[in-house]
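The block underneath contains the structure these notes are about, expressed in structure tokens.
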Amino acid sequence: MKLNRPRGTRDFLPGENAKRWYAESALRRVAECWGYSEIKTPTFEHVELFTIKSGEGILGEIYNFRDKGDREVALRPELTAPVMRLYVEELQKAPKPLRFYYCENCFRYENPQKGRFREFWQFGVEAIGSARPEADAEVIALAVEMLGSLGITGDLHVGHLGIIRHLLRELGSEQQSRILRLVDKKDDKGLESYLNDINAGDSLSASLFHLVGLRGGTAIDEARSIVGDIEAIAQLDSILKLLDAYGVEYTVDFGIARGLDYYTGMVFEIYGENLGAQNQVCGGGSYRLAHLFGGEDIPSTGYAIGFDRVMEILDVSIPKRLTAAVIYFEDTRTEAIQVARKLRKHVPAYLDIMGRKFKDQLSFASASGAAYAVIVGKTELDEGKLTLKNMLTKEQEKLTLEQVIERITAASQQV
RNA sequence: GCCCGAGUAGGGUAGUGGUUAUCCUAAAGGACUGUGGAUCCUUUGACUCGGGUUCGAAUCCCGACUCGGGCCCCA
């Protein structure tokens, strides 16, 4: 019986993996430059960490199981909750703000399709401790710059849940989240009938539909005309001014609700192109979670980049490192090993492990894309030298080991 | 959970009811003793799985699984 990988998982071969490594490094570099530090959390957590804020309903989308100690645990479906758990557990008294980033695999039991897998990677950022517009703007600007470092210019939409929540303040929190969910889905019909069901009133319905349809340059002023001069609008206004200072282009969009209950203020999403139905490459906002995990209430802002979706639209070719094939004979094996050991301090080098004859070693070097063959033979050794062969030009000459290293390192710096 | 499409050696494919399943490529070995990509030869390797129809199924039917795309969902 032939085994294959579980549904919704992927193998990454060297070519693809190199690309992912490149992209991750680029994102990591930007995050570090902005003063964010990497953290890691466990691959699995107690299942309550994920059900506490979202209810038992999410269990259908989670990989959860009972361990041998009869603990109910789950593979993490996302990283915001684990990071906040880490914060509550270890860092509540640390100087604020805390700036963290992570790049980890997450697991969701969902039907795979384009840009959606059961094991997927999120590159995320959380800024903990500030509710100020400066924090929100910084986080958005960082998201844009991260994607920009990969040559991706997405379509950034920014909204603020404080405004819609203000409009709905008379309603219970149950009803509020139901409405936010419908707004997030852009399900106008469902929203209309739900508003009818709860007797929301014509004026509220009209205001709501007007608000969530607002986009672009005049949206803020129009929102102000609907809900008045409230704090949330002033906050969003400040965020936008800061974004202008960051040189970030955005579209104001009051239709963004995010499917999550815990977002409280600013929310944003970035959409990519050519991604089919799953076109959101980044999403986030400001939220309050710490109190749910037994900590003191603290404001945070963060986002997650859908790393796999970024990889779908990323167009780079990774240059291969120059590699040297050390070619030897039956009677020069030990010398060849010494040569390889020295070469490896400077360039990638490998030896034959298939017991191949000279000619077939060369042939493999060629097939595997080695840039150089370093031939360790009796005739060379007698002169204290090696033969360096350039596999592309087919030129070769006898050189000392030091000269060989010099040649190859010089060449690899040109790549 | 639902809908549509697709599954033939490692990769790419031909085969629409009838001998031993086609071809390309790949891999391993050889022709070739210290100079690679060519050529030739040998070898390896497949009908996704399970039922059904039939004298006979890779082929037709049903189901499952996997893949691709979409819906639902997306904390």
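The sequence lines fix the lettering, A, B, ..., with proteins before strands; numbering per chain opens at 1.
Arg178(A) and Gln175(A) are not linked by any side-chain donor-acceptor pair at a separation below 3.5 angstrom, with hydrogens and angles left out of the test. With 3.5 Å as the limit, one finds no donor-acceptor pair spanning the side chains of Tyr328(A) and Gln361(A). Side chain to side chain, Asn390(A) and Arg407(A) fail the donor-acceptor criterion of an N or O pair below 3.5 Å. A side-chain N or O of Thr400(A) and one of Gln403(A) form a donor-acceptor pair less than 3.5 Å apart. Side-chain atoms of Asn111(A) and Arg7(A) form a donor-acceptor pair, as typed in the model, at a separation below 3.5 Å. Residues Tyr101(A) and Glu126(A) bring no donor and acceptor atom of their side chains to less than 3.5 Å of each other.
Atom NZ in Lys114(A) sits about 16 Å away from atom C1' in rG5(B), given to the nearest Å. Rounding to whole angstrom units, CG of residue Asp331(A) and P of rU33(B) are separated by 15 Å. If you take CD1 of Ile327(A) and C1' of rG34(B), they are 10 Å apart, rounded to a whole angstrom. Rounded to whole angstrom, the span from the NZ atom of Lys359(A) across to the P atom of rG29(B) amounts to 14 Å. The distance between atom CG of Asn4(A) and atom P of rG10(B), rounded to the nearest whole Å, is 12 Å. In this structure, the CG atom of Asp360(A) is 9 Å from the C1' atom of rG30(B), given to the nearest Å. Asn279(A) has its CG atom 14 Å from the P atom of rG69(B), to the nearest Å. Straight-line distance from the CG atom of Asp382(A) to the C1' atom of rG34(B): 14 Å, rounded to whole Å.
Applying the 4.0 Å criterion to OP1 and OP2 of rC65(B), one finds that Arg7(A) has every side-chain N and O outside that range. Phosphate contact (OP1/OP2 of rG69(B), side-chain N/O of Gln113(A), threshold under 4.0 Å): absent.
When the nucleotides rC73(B), rA28(B), rU35(B) are ranked by their closest atom to the side chain of Glu110(A), rC73(B) comes out on top. The listed nucleotides are rG36(B), rG34(B), rC73(B); the one nearest the side chain of Phe358(A) is rG34(B). Candidate nucleotides rG34(B), rG36(B), rC2(B) were compared by shortest atom distance to the side chain of Asn111(A), and rC2(B) ranks first.
Within the 4.0 angstrom heavy-atom criterion, no nucleotide atom of any strand lies near Gln280(A). Using a 4.0 Å heavy-atom criterion, one finds that Thr379(A) contacts the bases of the nucleic acid, with or without backbone contacts as well. Note on Lys357(A): only backbone sugar-phosphate atoms sit closer than 4.0 angstrom, heavy atoms only; bases stay farther off. Arg5(A) comes within 4.0 angstrom of nothing in the nucleic acid, heavy atoms only. Across all strands shown, Phe329(A) has heavy atoms under 4.0 Å from base atoms, whether or not it also approaches the sugar-phosphate. Across all strands, Ile62(A) comes closer than 4.0 Å to base atoms (heavy-atom distances). At the heavy-atom level, Gly8(A) lies under 4.0 Å from the strands shown only through sugar-phosphate atoms.
Nearest-nucleotide mapping onto RNA chain B: of Phe364(A) and Leu392(A), the residue sitting toward the 5' end is Phe364(A). In this structure, Tyr109(A) and Arg356(A) both approach RNA chain B, and ranking their closest nucleotides by distance from the 5' end singles out Tyr109(A).
Taking the C1' atom of each, rC72(B) and rA58(B) are spaced 36 Å apart, rounded to whole Å. Here the separation of rA64(B) from rC41(B), taken at their P atoms, is 47 Å to the nearest Å. On the C1' atoms, rU44(B) is 28 Å away from rU33(B), given to the nearest whole Å. Taking the P atoms as reference points, rA27(B) lies 28 Å from rC67(B), given to the whole Å. Comparing the C1' positions of rG70(B) and rA38(B) gives an interatomic distance of 49 Å, to the nearest angstrom. Comparing the same atom, P, in rG7(B) and in rU48(B) gives a spacing of 9 Å after rounding to whole Å. Here, rC62(B) and rC3(B) have their P atoms 14 Å apart, quoted to the whole Å. Here, rG12(B) and rA26(B) have their C1' atoms 11 Å apart, quoted to the whole Å.
Counting distance only, with no hydrogens placed and no angle test, the side-chain atoms of Arg116(A) and the base atoms of rC73(B) include a donor-acceptor pair under 3.5 Å. For rG36(B), its base sits under 3.5 Å from the side chain of Ser366(A) at one donor and acceptor pair at least. The base of rG34(B) lies close enough to the side chain of Glu380(A) for a donor and an acceptor atom to sit less than 3.5 Å apart.
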Please lay out, stage by stage, how Glu45(A) and Arg85(A) fare under the test salt bridge (charged side-chain N to carboxylate O under 4.0 Å, His left out). CA-CA 10 Å; Glu45(A) 299 265 4; Arg85(A) 192 228 75 229; 2.6 Å; yes
N/O donor to acceptor pairs below 3.5 angstrom from side-chain atoms of residues 369-386 of chain A, sequence neighbours left out:
from: Glu380(A); atom 1: OE1; to: Gly377(A); atom 2: N; distance (Å): 3.3
from: Glu380(A); atom 1: OE2; to: Thr387(A); atom 2: OG1; distance (Å): 2.5
from: Glu383(A); atom 1: OE2; to: Lys398(A); atom 2: NZ; distance (Å): 3.0

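In this structure, Tyr271(A) and His157(A) have perpendicular ring planes: the angle between them is above 60°, well past the 30° mark.
Shown here, rU39(B) forms a base pair with rA31(B); the pair counts as Watson-Crick or G-U wobble because both key distances fall under 3.5 Å. The pairing partner recorded for rC67(B) is rG5(B), the criterion being a Watson-Crick or G-U wobble arrangement whose two distances lie under 3.5 angstrom.
Side-chain contact between Val47(A) and Phe65(A) is absent, with no heavy atoms from C-beta onward closer than 4.5 Å.
A heavy atom closer than 4.0 Å to some atom of RNA chain B occurs in no member of residues 284-298 of chain A.
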